[in-house]
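FYI, side chains are in, hydrogens and waters are out, and symmetry mates aren't considered; it's all heavy atoms of this structure. From a predicted model like this one, the values you see are computed outputs, not experimental measurements. The chains referred to below are lettered A, B, ... by the order of the sequence lines, with proteins before strands, and numbering in each begins at 1.
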Protein chains: 2
Amino acid sequence: MKYLSRPEEMVLLTIHRLDEEAYGMNIRNQVSELTGKYWSIGSIYVPLDRLEQKGFVQSHLANPTPERGGKSKRYYKLTEAGMKELKEIKKIYSAFWEGLPDLSI
Amino acid sequence: MKYLSRPEEMVLLTIHRLDEEAYGMNIRNQVSELTGKYWSIGSIYVPLDRLEQKGFVQSHLANPTPERGGKSKRYYKLTEAGMKELKEIKKIYSAFWEGLPDLSI
DNA sequence: GATAATTTCTACAATATAGAATTTATCTTT
DNA sequence: AAAGATAAATTCTATATTGTAGAAATTATC
């Protein structure tokens with residue numbers, strides 16, 4: 001795509017928002033909350049993988065926590081490129097939305 | 001998709017912006033101008049068709065004009081559903097962007 | 001051993017993107 | 001004034017990429 005797709009953008013913004021708490025399931029919860037819709041596991045993890053492939057985020061596996069349950073959390077953070085991409089898309093976006101009757105930003 | 005894709009959104013906003021002058025080639029020119037990038041013919045017409053299938057725009061073929069050249073223009077306008085969709089996406093979008101360090105809307 | 005929280009993996013559906021082909025009007029030339 | 005050249009626009013089609021769902025696997029505590 002020429003730009004971040006919408007799910008990619010939502011996930012990327014959510015990683016930024018969650019900061020130190022940005023791991024898969026948490027991201028999913030936050031996206032669900034902000035949109036009010038159901039997001040399948042894949043609809044979060046697949047974009048996450050692709051964002052990492054494109055160099056917009058970096059991840060690392062954390063050590064197990066004392067809470068019950070499974071695999072270690074994989075934490076994500078934005079890279080410089082990721083931040084730059086967000087700024088780019090915000091600029092373009094504003095150009096499209098500005099000055100429209102009934103819809104000004 | 002859960003929401004308008006980004007190209008769909010750009011095309012839809014541009015139709016709204018161009019108002020009475022919203023036909024394919026004109027939409028393409030405007031999108032190219034606002035993004036500063038190349039947009040192929042298909043990358044405009046395919047989303048246009050899908051927007052119409054989904055009921056977000058309506059089109060009609062105009063009569064030939066006195067200028068030289070080919071097929072009649074097909075003009076597009078937003079439907080009620082299209083306008084509603086834009087408002088919906090704007091609301092969601094704001095929720096994701098608001099209150100972020102370095103990126104507030 | 002059961003259960004829980006998380007990630008990994010995989011398949012299929014939908015959308016993005018490019019550009020050739022087609023259509024149909026005016027322009028140009030004779 | 002007819003015939004071919006040219007131009008503006010749309011329609012069509014194929015391939016690449018992205019979206020979406022959920023089963024399977026992993027690994028911790030109860």
[X] [atom1] to [N] [atom2], straight-line distance once rounded to whole Å:
| X | N | atom1 | atom2 | answer |
| --- | --- | --- | --- | --- |
| B/Gln53 | C/dT15 | CD | C1' | 12 Å |
| A/Arg74 | D/dA28 | CZ | P | 15 Å |
| A/Glu8 | D/dT17 | CD | P | 13 Å |
| B/Leu48 | D/dT13 | CG | P | 18 Å |
| B/Glu9 | C/dA16 | CD | C1' | 15 Å |
| A/Asp49 | D/dT20 | CG | P | 16 Å |
| B/Tyr3 | C/dA16 | OH | P | 16 Å |
| B/Ile44 | C/dT17 | CD1 | P | 10 Å |

Quick one: are [X] and [Y] in side-chain contact, heavy atoms under 4.5 Å?
| X | Y | answer |
| --- | --- | --- |
| A/Arg17 | A/Gln30 | yes |
| A/Leu61 | A/Lys73 | no |
| A/Ile92 | B/Leu34 | no |

For B/Lys54, side-chain contact (heavy atoms from CB on, under 4.5 Å) partners two or more places apart: B/Glu8, B/Phe56
Sugar-phosphate, base or nothing in reach of B/Ser5, heavy atoms under 4.0 Å: sugar-phosphate
Sugar-phosphate only, base, or nothing, as touched by A/Lys37 at under 4.0 Å among non-hydrogen atoms: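 The answer is nothing, as A/Lys37 stays clear of every strand by at least 4.0 Å.
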Looking at the side chain of [X], which of [options] is the nearest nucleotide?
| X | options | answer |
| --- | --- | --- |
| A/Ile41 | C/dT8, D/dA21, D/dT13 | C/dT8 |
| B/Lys2 | D/dA21, C/dT17, C/dT15 | D/dA21 |
| A/Pro7 | C/dG19, D/dG19, D/dG22 | D/dG19 |
| A/Met1 | C/dT17, D/dA23, D/dA9 | C/dT17 |
| A/Ser40 | D/dT18, C/dT17, D/dA21 | D/dA21 |
| B/Lys71 | D/dT11, D/dG19, C/dA18 | D/dT11 |

Verify same cluster id: B/Val46, B/Leu4 (apolar side-chain graph, 4.5 Å):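 B/Val46 does not cluster with B/Leu4.
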same_hphob_cluster(B/Val11, A/Leu100) at 4.5 Å side-chain heavy-atom cutoff: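 Yes, it is one cluster - the side chains of B/Val11 and A/Leu100 are joined through contacts under 4.5 Å.
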Distance-only side-chain donor-acceptor flag, B/Gln58 / B/Thr79, under 3.5 Å: no
A/Tyr93/B/Tyr93 under ring-ring contact (aromatic ring centres under 6.0 Å, His included): CA gap, chis, key distance, verdict: CA-CA 10 Å; A/Tyr93 196 83; B/Tyr93 196 83; 3.6 Å; yes
Dot-bracket pairing map - DNA chain D, Watson-Crick plus G-U, both contacts under 3.5 Å, | cross-strand: ||||||||||||||||||||||||||||||
Aromatic ring pairing B/Tyr75/B/Tyr23, orientation class (parallel under 30°, perpendicular over 60°, tilted between): perpendicular
On the nucleotide [N], are OP1 or OP2 found under 4.0 Å from the side-chain N or O atoms that [X] carries?
| X | N | result |
| --- | --- | --- |
| A/Tyr38 | D/dG22 | yes |
| A/Ser72 | C/dT6 | no |
| A/Lys73 | D/dA28 | no |

Residues from residues 14-31 of chain B lying under 4.0 Å of DNA chain D - heavy atoms: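 Within residues 14-31 of chain B, the residues near DNA chain D are B/Tyr23, B/Gly24, B/Met25.
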Of A/Gly42 and B/Gly42, the one whose closest DNA chain D nucleotide lies more 5':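 Comparing both residues, the 5'-ward one is B/Gly42.
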Heavy atoms of other groups near A/Lys77 NZ, more than 12 under 6.0 Å: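 Open.
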